[in-house]
Amino acid sequence: MSETTIPYKIYLHEHEMPRQWYNVRADMKHKPAPLLNPGTLKPMTVEELSGVFCTELAKQELDDTTAYIDIPEEILKFYKMYRPSPLVRAYCLEEKLQTPAKIYYKFEGNNTSGSHKLNSAIAQAYYAKKQGLKGVTTETGAGQWGTALSMACAYFDLDCKVYMVKVSYEQKPFRREVMRTYGASVTPSPSETTEVGRKILAEHPGTSGSLGCAISEAVEAAMGTEGYRYVLGSVLNQVLLHQSVIGLETKAALDKYGITPDIIIGCAGGGSNLGGLISPFMGEKLRGEKDYHFIAVEPASCPSFTRGKFAYDFCDTGKVCPLAKMYTLGSGFIPSANHAGGLRYHGMSTVLSQLYDDGLMEARAVEQNAVFEAAEQFARIEGILPAPESSHAIRVAIDEALKCKETGEEKTIVFGLTGTGYFDMVAYEKYNNGEMSDYIPTDEDLKPGFDSLPEM
Ligand SMILES: *Cc1c(COP(=O)(O)O)cnc(C)c1O
């Protein structure tokens, strides 16, 4: 197809939209290692997981064989409010960079939650409602997941209790108010409302909290309240499954115009957007049909893939969750306080960890000044103020496009633009004031995290 017939933004018609999620585990030769019960070290069963998660979600979590799972009608209906998300050709950025590369981004920031997290939030809220639950509990770091979940719970009239990492609770009061506007209750974590919170506060008075700690509190709150379950916005297999809608739409849009990407890039915190974006493409690679170059981008200050260990670890600080085999810095790892750009979870999706260990994708760590430089360049030329998390992917997309400029290669690059950054202006302010520092942990800094890994 000639260049001029490819629109600036590729949208799908309703009948072209995915009606099933794709489960990449079905095509993996080496399946991700099972979640283990921390007491018995035996693989978790659906029954055990159902104490914490909704039953249907527990089943999805453990299903390594069903390739396609129908998206329920109610979820398809909700998706229609903000999907399809556009696949945009970054013509202006290409021109600015003077690169022969073709750059596309899949923009997931086009909903009030401001990120891709709504794709899984609505699915998890739906299954909770269907099971007849009263509500759900969760943690949130930067606040995108809490926002997405409170929107989803409002839609299905479910109660939503959010434990928000204390430093974010204090630094992002507007995020908090969005969640409350959608009816959620928001508690700064660690708090006095849970046993694990009280214990952490006693051991570390004045702590500003962490994701691992907020997870422990949210799990305890769910287990201790009749009619409640815990939900998580990343890392889990079920979340990657729901997020496959990103990749399926991307693939349908590219296929529609006969475009084949060479490089697919995503930022990686717990791995949900990256896993969702690459899943259908990775499926082709796993089945030997096509080859793609996948790049996971993580912060140099929280380098789970590039410097972590592939080992069984705790998913939370309080060690109440199942053990997962993943690339991890250890549940005791705490990123440096001057790290501003999200993506601060110590571990990584077990699916992506296995794919990475099998050499099926690359991972790169980038420093935050370079990330914000890319964010600003993108904001000024493409008209979207990107989330700091998303800007990790922008950084590497620009780097790859600049390589093409040197070699003259006309590669097609696709990256995930996971969200907008309007609630991250404190970080942007720091960058604009020239006060952002790059901090790369030394091996010494990483040691306490590794020492916290369980002996297996
Ligand atoms: C949460 C979030 C991420 C990182 O989470 P993943 O599970 O790794 O995708 C990236 N970008 C945005 C905008 C987010 O809100």
Side-chain angles (χ1 to χ4, degrees), residues 1-11 85-110 114-116 250 253-254 257 259-267 273-274 277 292-300 340-342 362 364-422 424-425 427-434 436 438:
M1 194 160 302
S2 93
E3 193 75 341
T4 49
T5 56
I6 299 176
Y8 204 101
K9 287 186 182 172
I10 308 179
Y11 279 104
S85 72
L87 181 70
V88 187
R89 174 82 182 264
Y91 282 112
C92 300
L93 180 64
E94 290 171 19
E95 207 170 292
K96 184 84 179 175
L97 298 174
Q98 296 197 312
T99 173
K102 300 180 179 72
I103 309 174
Y104 293 85
Y105 58 89
K106 179 72 168 162
F107 181 47
E108 292 290 322
N110 234 342
S115 81
H116 67 287
T250 303
L254 292 171
Y257 291 95
I259 305 161
T260 307
D262 298 293
I263 308 176
I264 305 178
I265 303 166
C267 62
N273 87 83
L274 176 69
L277 173 65
Y292 302 99
H293 180 186
F294 301 107
I295 310 176
V297 192
E298 61 185 13
E362 185 196 336
R364 254 180 238 180
V366 292
E367 292 173 42
Q368 60 179 356
N369 270 298
V371 166
F372 278 84
E373 187 198 338
E376 217 161 73
Q377 194 171 12
F378 186 84
R380 290 177 185 183
I381 199 84
E382 283 291 327
I384 293 171
L385 185 92
E389 293 91 338
S390 323
S391 306
H392 289 72
I394 300 177
R395 174 73 271 160
V396 169
I398 291 178
D399 290 346
E400 289 299 311
L402 291 174
K403 270 190 213 161
C404 289
K405 184 175 171 178
E406 275 176 28
T407 61
E409 286 174 291
E410 291 182 29
K411 287 189 179 168
T412 297
I413 300 169
V414 173
F415 74 89
L417 187 67
T418 50
T420 48
Y422 303 112
D424 301 290
M425 297 324 290
Y428 273 96
E429 181 186 32
K430 238 175 151 181
Y431 177 72
N432 292 331
N433 288 343
M436 187 162 270
D438 286 318

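- In this structure Asn432 satisfies the side-chain hydrogen bond (donor to acceptor under 3.5 Å, both in side chains) test with no other residue, sequence neighbours excluded.
- In this structure, CG in Asp438 is found 6.0 Å from CD in Gln368, a value given to the nearest 0.5 Å.
- Partners of Glu429 under the salt bridge (Lys or Arg N to Asp or Glu O under 4.0 Å) rule, at least two apart in sequence or in another chain, do not exist in this structure.
- Residues satisfying the side-chain contact (heavy atoms from CB on, under 4.5 Å) criterion with Gln377, sequence neighbours excluded, are Leu97, Ile398.
- Annotation: salt bridge (Lys or Arg N to Asp or Glu O under 4.0 Å) contacts of Glu376 (sequence neighbours excluded): Arg380.
- Note that the CD1 atom of Ile6 and the CD1 atom of Ile259 stand 4.0 Å from one another [nearest 0.5 Å].
- Here the closest non-hydrogen pair linking Ala296 and Leu274 is CB-CD2, 3.4 Å.
- Contact record, Val297 with Ala393: CG2-CA, 4.3 Å, taken as the closest heavy-atom pair.
- Between Lys403 and Glu406, no side-chain nitrogen of the basic residue sits less than 4.0 Å from a carboxylate oxygen of the acidic one, so the salt-bridge criterion is not met.
- Taking the six-membered ring where tryptophan is involved, the planes of Tyr428 and Phe372 are perpendicular, since the angle between them exceeds 60° and thus also 30°.
- In this structure, Val371 and Pro388 have side chains that are not in contact, with every pair of non-hydrogen atoms separated by 4.5 Å or more.
- By the side-chain contact (heavy atoms from CB on, under 4.5 Å) test, Ala379 pairs with Leu385, Pro386, sequence neighbours left out.
- Between Ile10 and Ala253 the shortest heavy-atom distance is CG2-CB, 3.6 Å.
- With sequence neighbours excluded, the residues that form a side-chain contact (heavy atoms from CB on, under 4.5 Å) with Asp399 are Arg395.
- At a threshold of 4.5 Å between non-hydrogen side-chain atoms, the residues Cys92 and Tyr8 count as touching.
- In this structure, CZ in Arg89 is found 4.0 Å from CD in Glu94, a value given to the nearest 0.5 Å.
- For Phe107, the ring-ring contact (aromatic ring centres under 6.0 Å, His included) test picks out no residue, with sequence neighbours left out.
- Nearest heavy-atom pair, Ser85 versus Lys106, reported as atom, atom and distance to 0.1 Å: O-NZ, 2.7 Å.
- Closest of all the heavy-atom pairs between Phe378 and Ile384 is CD2-O, 3.8 Å.
- By the side-chain hydrogen bond (donor to acceptor under 3.5 Å, both in side chains) test, Ser391 is found to be paired with no residue, residues two or more places apart in sequence or in another chain being considered.
- Distance check, rounded to the nearest 0.5 Å: CD1 of Ile263 to CZ of Phe415 gives 12.5 Å.
- With rounding to the nearest 0.5 angstrom, the CG atom of Asp424 is 12.5 Å from the NZ atom of Lys430.
- With sequence neighbours left out, Lys405 forms a side-chain hydrogen bond (donor to acceptor under 3.5 Å, both in side chains) with no residue at all.
- Counting heavy atoms from C-beta on, the side chains of Leu417 and Ser390 come closer than 4.5 Å.
- Among all heavy-atom pairs drawn from Pro261 and Val414, the shortest one is CB-CG2, 3.8 Å.
- Glu409 CD to Asp262 CG: the interatomic distance, rounded to the nearest 0.5 Å, is 8.5 Å.
- In terms of the side-chain contact (heavy atoms from CB on, under 4.5 Å) criterion, residue partners of Ala101 (sequence neighbours excluded) are, by chain and number, Thr99, Ala401, Cys404, Ile413.
- Using a 4.5 Å cut-off on side-chain heavy atoms (C-beta onward), Glu400 and Val396 make contact.
- Ionic pairing of Lys102 and Glu410 is present here: one or more N-O contacts between side-chain nitrogen and carboxylate oxygen are shorter than 4.0 angstrom.
- Qualifying side-chain hydrogen bond (donor to acceptor under 3.5 Å, both in side chains) partners for Glu382, counting only residues two or more places apart in sequence or in other chains: Tyr105.
- Within 6.0 Å of atom NZ in Lys96, 12 or fewer heavy atoms from other residues, nucleotides or ligands are found, so the atom counts as exposed in its surroundings.
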